[in-house]
Amino acid sequence: MGTKYQAFHRRSIEDRDAFWSEQAQLVDWHKPFGQVLEYNKPPFAKWFVGGETNLCHNAVDRHLKDRAQQPALIYISTETGEEKTYTYAELHAEVQRMAAVLQSLGVGKGDRVLIYMPMIAEAVFAMLATVRIGAIHSVVFGGFAASSLATRIDDAQPKVMITADAGMRGGKAVPYKHLVDESLRLAQTPAAKVLIVNRGLDKAMSLVAGRDLDYATLRAQHMDTQVPVTWVESSHPSYILYTSGTTGKPKGVQRDTGGYAVALAASMRHVYQANPGETYFATSDIGWVVGHSYIVYGPLINGMATVVYEGTPLRPDAGIWWKIVQDYKVTVMFSAPTAIRVLKKQDPAFLRKYDLSSLRHVFLAGEPLDETTAQWIAEALDKPIYDHYWQTETGWALLTGLPGVEAHATKFGSPSFPAYGYDVRLLHEETAAEVAPNEKGVVAVMPPLPPGCMSTVWGQDERFVQTYFTSFRDKLIYTTFDWGTRDEDGYYFILGRTDDVINVAGHRLGTREIEEAISAHDAIAEVAVVGVADQLKGQMPMAFAVVKDAARIATPELSAALEKEVMAKVDSLLGAIGRPKRVHFIAQLPKTRSGKVLRRSIQAIAEGRDPGDLTTLDDPSGIQMVKAAVDGK
Ligand code: PRX
């Protein structure tokens with residue numbers, strides 16, 4: 001990497017305050033900050049202390065002066081056939097209507113609003129409206145089942161929930177409101193009100209009088225209501241986004257306001273090399289961190305048009321994304337390796353059918369980018385492809401190509417270099433010493449974490465410290481829970497997680513969550529879930545379960561029936577994204593003498609690898625059973 005990047009990165013660490021103070025000029029401050037960083041209670045970092053700002057103001061209002069008639073939000077649904085562009089002026093009007101409705105329901109500064117919505121424009125209005133009035137959103141991915149939703153309701157205790165009757169996927173309606181009803185039956189703290197965007201897709205939807213409200217009716221009462229932004233202190237929480245870890249209970253990643261706005265504005269320039277007035281297309285979903293940072297806030301803060309797409313990459317045909325690039329002159333695209341692997345199986349003619357001259361480059365993230373896929377898309381598009389690595393916790397890229405700082409070569413399989421602001425180290429898991437080039441270490445960051453990263457775990461400061469900062473003995477260092485290496489040229493490579501988190505089609509899942517769902521089936525005594533390599537999805541969960549009563553699996557037919565039931569249990573408790581590829585029934589799980597399930601050995605066997613050191617094994621028959629099950633014996 002060139003000297004320009006090196007100087008840029010060095011300055012971000014060594015002259016931190018000056019560096020970030022400059023980046024902070026990329027956003028509007030209602031009241032200037034007095035201190036760039038307050039770090040008197042490590043590892044808690046407060047950025048731009050004393051400054052007052054607002055995410056919605058930076059994403060919408062401040063562009064009205066120069067860009068009122070410019071496209072801000074391009075909504076495309078290949079499911080319903082809708083296609084509609086909102087200018088910044090129109091977005092401003094819609095956000096104010098939604099904000100007025102929320103205020104009329106009593107939502108104010110610091111209150112939580114839970115958003116459980118498909119990819120429709122109103123989902124973006126809802127997020128922006130929430131932060132506009134200083135409230136805090138918790139967006140839950142639509143693929144999560146009712147009980148996952150209930151856990152998140154209980155944790156954040158929202159005043160209002162916003163949903164739609166249904167979404168659509170692959171031509172079929174997927175109910176949303178129905179799941180909200182069920183989640184509120186399961187939750188201990190029912191939301192006061194449920195606001196429904198009725199798309200007319202679920203004719204069977206029923207309403208609970210006094211609780212459920214029709215958004216269209218309320219919106220009509222607030223067509224011209226002005227809702228001024230509520231200025232909040234920089235560290236005021238903007239949102240909570242839950243993510244999986246090693247325990248069964250997801251963590252609420254809490255994001256601030258000022259640091260996040262600055263981090264995103266800076267990343268649009270230095271990472272994505274994206275300019276105001278252009279179109280940005282992130283193919284993610286608003287339920288994930290990529291959706292928060294790069295469908296909603298990043299592009300809008302940067303004065304761009306953002307594409308909100310409801311549909312699959314294959315309908316009406318595999319050219320749909322490239323048609324969108326052509327029609328809306330997309331300059332920067334952000335997607336995930338799984339999606340590219342899906343496209344790779346289609347006729348390559350779809351990539352040549354459209355004019356892609358507007359496209360500058362494509363960024364991919366969320367899971368390891370294998371070399372074959374990287375090479376295929378780079379050649380097929382004939383555009384630079386940048387792999388970049390980050391996490392829900394960080395909110396923006398940690399390791400990345402940085403074409404906006406300096407043009408540089410990429411290496412297949414590598415997310416390139418540390419982003420500015422991150423003091424990245426590869427550490428030996430036990431000694432915490434830095435490893436040599438090409439040696440495997442844990443990807444770690446010396447705190448303070450830069451602006452944009454999580455402030456804490458919602459309502460659980462202690463858990464934040466315990467989870468992320470206690471991996472290296474008595475040293476306070478942030479662990480990413482990923483293994484990595486760095487070559488002689490300084491390029492990083494990610495080798496997979498150090499914990500029990502798996503990555504299915506770019507979606508992060510805790511194996512413990514899936515195990516808990518499976519254990520909820522009354523036939524199951526014990527279960528271990530591991531991630532196994534999958535050609536298309538990167539990884540898939542695979543379960544090894546012990547039944548309480550062997551009679552339940554006495555014949556292959558009974559066993560197959562129980563496997564189906566267990567899968568249905570996961571669907572209903574967690575959502576289909578957690579459904580294991582297979583549930584193998586075995587008589588006992590391989591455990592150490594101290595009773596710890598040997599997940600890594602099970603995973604190795606399930607992937608046809610050597611299970612490694614088995615000397616701590618209590619009884620070797622467990623391992624043999626896993627092997628026999630995988631081999632289909
Ligand atoms: O294991 C790493 C993997 O995904 C995890 C973070 O997932 P999530 O919180 O859903 O955030 C995704 C934000 C893009 C990481 O700990 N991961 C993410 N990006 C990459 C990756 N693994 C390899 N290469 C990547 N580029």
Side-chain angles (χ1 to χ4, degrees), residues 139-141 143-144 240-246 250-253 255 263-264 267 271-272 282-295 297-298 333-341 362-371 373-374 377 385-402 410-419 422 424 440 442-445 452-454 457 467-468 471 478-486 491-511 513 531 533 537-539 577-578:
V139 183
V140 179
F141 176 60
F144 282 120
I240 311 166
L241 180 57
Y242 290 87
T243 190
S244 301
T246 33
K251 288 179 291 282
V253 166
R255 197 88 60 206
L264 293 184
S267 74
V271 176
Y272 300 101
T283 67
S284 184
D285 185 285
I286 48 146
W288 304 113
V289 71
V290 176
H292 283 61
S293 293
Y294 295 110
I295 292 175
Y297 295 111
M333 233 179 128
F334 185 145
S335 192
T338 294
I340 307 301
R341 286 194 289 267
V362 178
F363 279 77
L364 299 172
E367 57 184 315
L369 174 61
D370 56 285
E371 195 167 329
T373 306
I377 187 72
I385 306 296
Y386 294 98
D387 181 12
H388 65 334
Y389 158 89
W390 47 291
Q391 310 183 296
T392 305
E393 289 84 347
T394 66
W396 63 287
L398 197 164
L399 296 172
T400 182
L402 292 141
T410 55
K411 289 191 186 187
F412 285 129
S414 165
S416 300
F417 316 110
Y422 290 96
V424 179
K440 180 173 152 178
V442 178
V443 182
V445 182
C453 292
M454 71 189 293
V457 174
T467 306
Y468 297 105
S471 289
Y478 175 81
T479 177
T480 59
F481 296 100
D482 280 299
W483 294 110
T485 59
R486 182 178 48 228
Y491 285 80
Y492 282 73
F493 294 82
I494 297 294
L495 307 174
R497 300 278 300 194
T498 65
D499 59 6
D500 294 326
V501 167
I502 62 172
N503 200 312
V504 182
H507 301 327
R508 179 168 156 184
L509 290 170
T511 49
E513 285 172 83
K537 297 185 170 181
Q539 276 187 309
I577 54 169

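Remember, it's 1-based here, ligands and their atoms both numbered in the order they're listed. Keep in mind that what you see is a predicted model, and the values were worked out from it rather than measured.
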* To do: Compare all side-chain heavy atoms of Trp483 with those of Val442 and state whether any distance is below 4.5 angstrom.
  => yes

* From Lys537, Arg508, Arg341, residue fulfilling salt bridge (charged side-chain N to carboxylate O under 4.0 Å, His left out) relative to Glu367 -> Arg341

When the side chains of residues 285-294 are checked against the rest of the protein, which donor-acceptor pairs come out under 3.5 Å, sequence neighbours left out?
from: Asp285; atom 1: OD1; to: Gly287; atom 2: N; distance (Å): 2.7
from: His292; atom 1: ND1; to: Ile286; atom 2: O; distance (Å): 3.1
from: His292; atom 1: ND1; to: Trp288; atom 2: O; distance (Å): 3.0
from: Ser293; atom 1: OG; to: Tyr260; atom 2: OH; distance (Å): 2.7
from: Ser293; atom 1: OG; to: Gly395; atom 2: O; distance (Å): 2.8
from: Tyr294; atom 1: OH; to: Ser267; atom 2: OG; distance (Å): 2.6

* Part of His507 within contact of ligand 1 (heavy atoms, under 4.0 Å) -> neither

* Asked: For atom 6 (C) of ligand 1, which protein heavy atom lies nearest, and how many Å away is it?
  -> Trp390 O, 3.4 Å

* Within a distance under 4.0 Å of any heavy atom of Asn503, pick out the atoms of ligand 1 and give their elements. => 3 (C), 4 (O)

* Quick one: are Asp387 and Phe412 in side-chain contact, heavy atoms under 4.5 Å? -> no

* Side chain Gln539, main chain Asn503, donor-acceptor under 3.5 Å -> yes

* Short side-chain to backbone donor-acceptor contact, Thr511 and Asp500, under 3.5 Å -> yes

* **N or O contact, Glu393 vs ligand 1, cut-off under 3.5 Å** => no

* Taking the side chain as every heavy atom from C-beta outward, state whether Leu399 and Pro418 have any pair of such atoms under 4.5 Å apart. => yes

* Asked: For ligand 1, which atoms sit closer than 4.0 Å to a heavy atom of His388?
  -> 19 (N), 25 (C), 26 (N)

* So which protein heavy atom does atom 25 (C) of ligand 1 come closest to, and at what separation? -> Glu367 O, 3.4 Å

* What atoms of ligand 1 come within less than 4.0 Å of a heavy atom belonging to Thr392? -> 8 (P), 9 (O), 10 (O), 11 (O)

* Structure fact -> Going by the 4.0 angstrom heavy-atom rule, the piece of Leu399 near ligand 1 is neither

* To do: Record the part of Val501 in heavy-atom contact with ligand 1 below 4.0 Å; permitted values are side chain, backbone, both and neither.
  => neither

* Hey, does Tyr478 have a side-chain heavy atom less than 4.5 Å from the side chain of Tyr422? -> no

* **Enumerated ligand 1 atoms positioned under 4.0 Å from heavy atoms of Asp482** => 1 (O), 2 (C), 15 (C), 16 (O)

* Structure fact -> Taken to the nearest 0.5 Å, the spacing of Tyr491 OH from Ser416 OG works out to 6.0 Å

* Just need the protein heavy atom nearest to atom 19 (N) of ligand 1, so name the residue and atom and give the distance. => Gly366 N, 3.0 Å

* What are the atoms of ligand 1, with element, lying closer than 4.0 Å to any heavy atom of Ile494? -> 22 (N), 23 (C)

* Who's the nearest protein heavy-atom neighbour of atom 7 (O) of ligand 1, and how far? -> Arg508 CD, 3.6 Å

* **For Gln391, the ligand 1 atoms whose distance to one of its heavy atoms is below 4.0 Å** => 6 (C), 9 (O), 11 (O), 16 (O)

* Asked: For ligand 1, which part of Pro415 has a heavy atom less than 4.0 Å away: the side chain, the backbone, both, or neither?
  -> neither

* Backbone or side chain, does any N or O of Ala365 fall under 3.5 Å from an N or O of ligand 1? -> no

* Asked: Judged by atom type as modelled, is there a donor-acceptor pair below 3.5 Å linking the side chain of Thr479 to the main-chain atoms of Phe481?
  -> yes

